[in-house]
Amino acid sequence: PPGAVVLLKAVDPDAIIPGGEYVIVSRKIVTLRIVRTGAQAGEFRLVAGDKENFDDIVLKAKDIEAVYKVVGKLIINQ
(Lines give C-alpha, C1' and ligand atoms only; values in the text may rest on other atoms or scores of the structure.)
Protein backbone atom coordinates (compact mmCIF):
# COMPACT_ATOMS: atom_id res chain seq x y z
CA PRO A 1 0.00 0.00 0.00
CA PRO A 2 1.13 3.60 -0.52
CA GLY A 3 3.21 4.88 2.40
CA ALA A 4 4.27 1.42 3.58
CA VAL A 5 7.86 0.89 4.72
CA VAL A 6 9.37 -2.11 2.97
CA LEU A 7 12.05 -4.19 4.71
CA LEU A 8 14.59 -5.62 2.27
CA LYS A 9 17.43 -8.14 2.28
CA ALA A 10 20.11 -8.19 -0.44
CA VAL A 11 20.21 -11.53 -2.26
CA ASP A 12 22.10 -12.98 -5.19
CA PRO A 13 20.14 -12.82 -8.48
CA ASP A 14 20.51 -16.61 -8.73
CA ALA A 15 18.53 -16.92 -5.47
CA ILE A 16 15.31 -15.45 -6.95
CA ILE A 17 12.32 -17.69 -6.26
CA PRO A 18 9.51 -17.12 -8.77
CA GLY A 19 6.37 -15.84 -7.07
CA GLY A 20 8.25 -13.80 -4.47
CA GLU A 21 8.34 -10.02 -4.11
CA TYR A 22 11.65 -8.36 -4.89
CA VAL A 23 13.16 -4.98 -5.60
CA ILE A 24 14.96 -5.41 -8.91
CA VAL A 25 17.73 -3.00 -9.91
CA SER A 26 18.82 -2.82 -13.54
CA ARG A 27 20.56 -0.13 -15.53
CA LYS A 28 17.25 1.41 -16.64
CA ILE A 29 14.85 0.77 -13.75
CA VAL A 30 14.48 0.14 -10.03
CA THR A 31 11.15 -1.49 -9.23
CA LEU A 32 9.33 -3.52 -6.59
CA ARG A 33 7.53 -6.36 -8.33
CA ILE A 34 6.41 -9.98 -8.04
CA VAL A 35 8.91 -12.01 -10.05
CA ARG A 36 7.66 -14.73 -12.39
CA THR A 37 9.53 -16.86 -14.92
CA GLY A 38 9.64 -15.44 -18.43
CA ALA A 39 8.47 -17.05 -21.67
CA GLN A 40 12.09 -17.71 -22.63
CA ALA A 41 14.98 -19.09 -20.61
CA GLY A 42 17.07 -16.40 -18.97
CA GLU A 43 14.33 -13.82 -18.52
CA PHE A 44 11.89 -12.79 -15.82
CA ARG A 45 8.41 -11.33 -15.99
CA LEU A 46 7.98 -8.64 -13.34
CA VAL A 47 4.35 -8.31 -12.30
CA ALA A 48 2.99 -5.22 -10.55
CA GLY A 49 0.77 -5.55 -7.49
CA ASP A 50 -1.54 -2.95 -9.10
CA LYS A 51 -2.20 -4.66 -12.44
CA GLU A 52 -4.88 -2.14 -13.43
CA ASN A 53 -2.43 0.76 -13.58
CA PHE A 54 0.91 -0.92 -14.37
CA ASP A 55 1.97 -3.36 -17.09
CA ASP A 56 4.26 -6.35 -16.70
CA ILE A 57 7.95 -5.85 -17.44
CA VAL A 58 10.06 -8.51 -19.13
CA LEU A 59 13.70 -8.32 -18.09
CA LYS A 60 16.64 -10.49 -19.09
CA ALA A 61 18.44 -12.05 -16.13
CA LYS A 62 21.78 -10.72 -17.43
CA ASP A 63 20.46 -7.12 -17.16
CA ILE A 64 19.83 -7.42 -13.40
CA GLU A 65 22.45 -5.53 -11.36
CA ALA A 66 21.09 -6.12 -7.84
CA VAL A 67 18.20 -7.90 -6.13
CA TYR A 68 16.57 -7.25 -2.75
CA LYS A 69 14.00 -9.68 -1.32
CA VAL A 70 11.03 -8.18 0.48
CA VAL A 71 11.18 -9.68 3.97
CA GLY A 72 8.52 -7.50 5.59
CA LYS A 73 6.24 -4.51 5.28
CA LEU A 74 5.39 -1.96 7.92
CA ILE A 75 1.95 -0.52 7.28
CA ILE A 76 0.91 2.44 9.40
CA ASN A 77 -2.86 2.97 9.65
CA GLN A 78 -3.89 6.53 10.36
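This structure is a prediction, so every number in the text was calculated from the model and none was measured.
- With sequence neighbours excluded, the residues forming a side chain to side chain donor-acceptor pair (under 3.5 Å) with K73 are E21, listed by chain and number.
- In terms of heavy-atom proximity, F54 sits nearest to A48 at CB-CB, 3.6 Å.
- Screening residues 31-42 for side-chain hydrogen bond (donor to acceptor under 3.5 Å, both in side chains) gives T31-R33 as the qualifying pairs, with residues at least two apart or on separate chains.
- Taking a 4.5 Å side-chain heavy-atom cut-off between Ile, Leu, Val, Met, Phe, Trp and Tyr, the cluster of V11 extends to I16, I17, Y22, I24, I29, V35, F44, L46, I57, L59, I64, V67.
- Applying the salt bridge (Lys or Arg N to Asp or Glu O under 4.0 Å) test to pairs two or more places apart or on separate chains, none has a residue in residues 57-68.
- Screening residues 44-59 for side-chain hydrogen bond (donor to acceptor under 3.5 Å, both in side chains), with sequence neighbours left out, gives R45-D56, D50-N53.
- Side-chain contact between L8 and V70: present, with at least one pair of heavy atoms (C-beta onward) separated by less than 4.5 Å.
- For residues 1-20, no pair satisfies salt bridge (Lys or Arg N to Asp or Glu O under 4.0 Å), with sequence neighbours left out.
- Note: the hydrophobic cluster containing L32 also contains V30 (ILVMFWY, side chain heavy atoms under 4.5 Å, direct or indirect links).
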